[in-house]
Amino acid sequence: MASTPAPQTYRVKSFGCQMNVYDGERMAELLASQGLSPAAEGNDADLVVLNTCHIREKAAEKVYSDIGRLRRKDGSSPLIAVAGCVAQAEGEEIMTRAPAVKMVVGPQAYHRLPEMIAEAQAGRRVTDTDMPAETKFDALPARRKSGPSAFLTVQEGCDKFCTYCVVPYTRGAEISRPFKDLIAEAERLVAAGAREITLLGQNVNAWTGEDFSGRAVGLEGLALHLAKLPDLRRIRYTTSHPNDMTDALIAAHRDNPKLMPFLHLPVQAGSDRVLKAMNRSHTAESYLKVLDKVRAVRPDIALSGDFIVGFPGETEAEFAETLALVEAVGYAQCFSFKYSPRPGTPAATMDGQVPADVMDNRLQRLQDALNRSQVAFNQATVGRRCEVLVERKGKLPGQWLGKTPWLQSAHFVGEAAIGDIVTVDLIEAGANSLSARLVALTAV
Ligand code: SAH
Ligand code: SF4
Ligand code: F3S
């Protein structure tokens with residue numbers, strides 16, 4: 001078989017959740033450590049990695065249209081690798097449907113990319129969707145680059161098996177990365193310029209480990225230790241499950257000043273019957289109780305969540321319970337989706353699949369309610385003095401963009417630099433961002 005020359009340049013395109021973004025960064029670092037360079041903006045790459053998401057049908061189908069569009073300017077095809085959750089779930093199908101794809105690599109196997117590339121160069125198509133017990137993280141090169149805000153995956157996989165969700169199948173069983181590895185990676189990220197670290201996991205608050213003294217700790221213990229890194233100024237975490245929101249983690253929102261006042265805690269629906277059919281193992285009431293506890297220790301906390309409308313069997317009255325929950329909580333921001341039946345999940349074959357027009361209508365009403373809630377939250381913060389972590393330049397001269405503690409986008413004009421933590425007054429709220437006045441180039 002024909003052998004292709006070794007790829008010199010690469011591009012990694014990540015879709016889906018932040019954990020996929022993290023994986024994409026790690027794959028890019030791995031390829032760079034093998035001597036490849038990132039393809040310049042607008043230029044063809046010799047190797048393209050599509051790091052895919054399988055969570056909803058639209059996301060999964062996107063990979064096939066993307067593959068079709070990957071011709072190079074000279075008409076040739078780059079080496080194409082499909083990674084991520086579609087690779088895990090539909091590896092064989094990809095190989096049949098898309099002959100241009102030479103490599104299929106699952107989310108737990110991408111440390112093997114270099115060997116796979118060598119195989120592909122020799123003309124062989126290769127699939128690796130193993131989920132080895134030993135973690136890929138040990139096989140990846142140490143981190144060398146970071147922006148001011150970095151992701152750090154601390155936990156992977158899910159054992160919850162919500163009836164609509166593919167994640168337990170695509171990401172495998174829950175595992176927590178070891179404490180010492182995470183501290184080492186965080187130290188590297190901070191040395192490379194990170195001022196904020198967002199700890200990631202499909203159920204990040206289920207993370208457990210042993211600290212340096214051998215004591216069993218949860219996420220609050222990890223955050224406590226990370227807070228000791230002087231140049232690390234902010235710690236965030238996502239995504240949490242309501243049932244793993246321990247009192248210790250809640251208390252950390254009072255005791256650890258570096259833990260930002262933001263909590264992404266998906267509820268999915270407001271009806272207990274629907275929640276049960278989803279196998280969520282919490283009720284609307286138990287969810288609200290968790291939020292009460294968090295608000296008791298951190299009254300200004302910004303709350304966020306995920307919602308699914310049109311789960312099989314959802315009635316109008318049950319949907320109204322979702323709207324009522326949204327009113328009761330007062331979210332700062334949220335994600336909301338139409339239910340998408342996923343092959344192999346129990347909900348896909350449940351009775352009472354909801355018609356598309358009903359789902360459209362419910363999503364519209366939910367999003368209107370969530371938008372109102374977000375605007376109200378942003379308006380309520382106008383007048384506050386707070387810190388902003390500067391992440392990038394804005395479009396206007398002298399303008400900078402960054403995030404408030406409550407994860408709002410804020411912009412201001414002044415002398416600043418990326419990575420600064422500045423003090424601002426929030427002066428006006430738009431739908432998606434706030435304008436701010438620079439008060440000082442230092443923290444409050
Ligand atoms: N582990 C997290 C998030 C997982 S996926 C959690 O438990 O909340 C992110 C979001 O995608 C989910 O919270 C859910 O709202 C949405 N989602 C998952 N499967 C879906 C499906 N089949 N259809 C529509 N939305 C879905
Ligand atoms: Fe999916 Fe549920 Fe696990 Fe979240 S908790 S990843 S929604 S199965
Ligand atoms: Fe998508 Fe996989 Fe994340 S399905 S949401 S990329 S865990």
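Remember, it's 1-based here, ligands and their atoms both numbered in the order they're listed. Values reported hereafter were calculated over all heavy atoms of this structure, with side chains retained and with hydrogens, waters and symmetry mates removed. When a residue number appears, it is its place in the shown sequence, counting from 1.
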Ligand 1 versus His264: contacting region, heavy-atom distance under 4.0 Å: neither
Which is closest to atom 4 (Fe) of ligand 2 by heavy-atom distance: Lys160, Arg280, Glu174? Arg280
Identify, for atom 10 (C) of ligand 1, the protein heavy atom at the shortest distance, and state residue, atom and that distance. Asp306 OD2, 3.4 Å
With heavy atoms of Cys85 as the reference, note each atom of ligand 3 found under 4.0 Å away. 2 (Fe), 4 (S), 6 (S), 7 (S)
Below the 3.5 angstrom mark, is there an N/O of Arg342, backbone or side chain, next to an N/O of ligand 1? no
Select one of side chain, backbone, both or neither to describe which atoms of Arg171 lie under 4.0 Å from any atom of ligand 3, heavy atoms only. side chain
Could you check whether Glu119 pairs with Lys102 (Lys NZ or Arg NE/NH1/NH2 to Asp/Glu carboxylate O, under 4.0 Å)? no
Under 4.0 Å from atom 24 (C) of ligand 1, is there any protein heavy atom? yes
For Asn20, the ligand 3 atoms whose distance to one of its heavy atoms is below 4.0 Å: 6 (S)
Check Pro168 against ligand 2 and report side chain, backbone, both or neither, counting heavy atoms closer than 4.0 Å. side chain
Between Tyr331 and Phe377, does the ring centre distance come in under 6.0 Å? no
Mind checking whether Pro266 contacts ligand 1 via backbone (N, CA, C, O), side chain (CB onward), both or neither, at a 4.0 Å heavy-atom cut-off? side chain
Non-hydrogen atom of His54 closer than 4.0 Å to ligand 3: yes
Are any non-hydrogen side-chain atoms of Val217 and Trp207 less than 4.5 angstrom apart? yes
Going by the atom numbers of ligand 3, which of them fall below 4.0 Å from some non-hydrogen atom of Cys53? 1 (Fe), 4 (S), 5 (S), 6 (S)
I need the contact type for Lys338 against ligand 1. Using non-hydrogen atoms and a strict under-4.0 Å cut-off, is it side chain, backbone, both or neither? backbone
Are any of the N/O atoms in Asn203 less than 3.5 Å from those in ligand 1? no
Heavy atoms only, cut-off 4.0 Å: how does Phe337 contact ligand 1, side chain, backbone, both, or neither? side chain
Locate the shortest heavy-atom distance separating Leu47 from Pro7; write the atom from each residue and the value. CB-CB, 4.0 Å
Could you tell me if the side chain of Ser149 sits less than 4.5 Å from the side chain of Lys403, heavy atoms only? no
How far is atom 3 (Fe) of ligand 3 from its nearest protein heavy atom, and which residue and atom name does that atom have? Cys17 SG, 2.3 Å
Has Val167 got any heavy atom lying under 4.0 angstrom from an atom of ligand 1? no
Where does Ile55 meet ligand 1, judged by heavy-atom distances below 4.0 Å: at the side chain, the backbone, both, or neither? both
Quick check: closest heavy atoms across Pro114 and Leu30, and the distance to 0.1 Å? CD-CD2, 3.8 Å
Check whether any N, O or S atom of Cys158, backbone or side chain, sits closer than 2.8 Å to atom 2 (Fe) of ligand 2. no
Is Met278 near ligand 1, meaning one of its heavy atoms is under 4.0 Å from it? no
If you measure from each heavy atom of Arg171 to ligand 2, is any distance below 4.0 Å? no
Ligand-residue contact atoms, ligand 3 with Gln202, heavy atoms, under 4.0 Å: 7 (S)
What pair of heavy atoms forms the shortest contact from Ala98 to Ile67, and how long is it? CB-CD1, 3.9 Å
Under 4.0 Å from ligand 2, counting heavy atoms only, is it the side chain of Tyr164, its backbone, both or neither? side chain
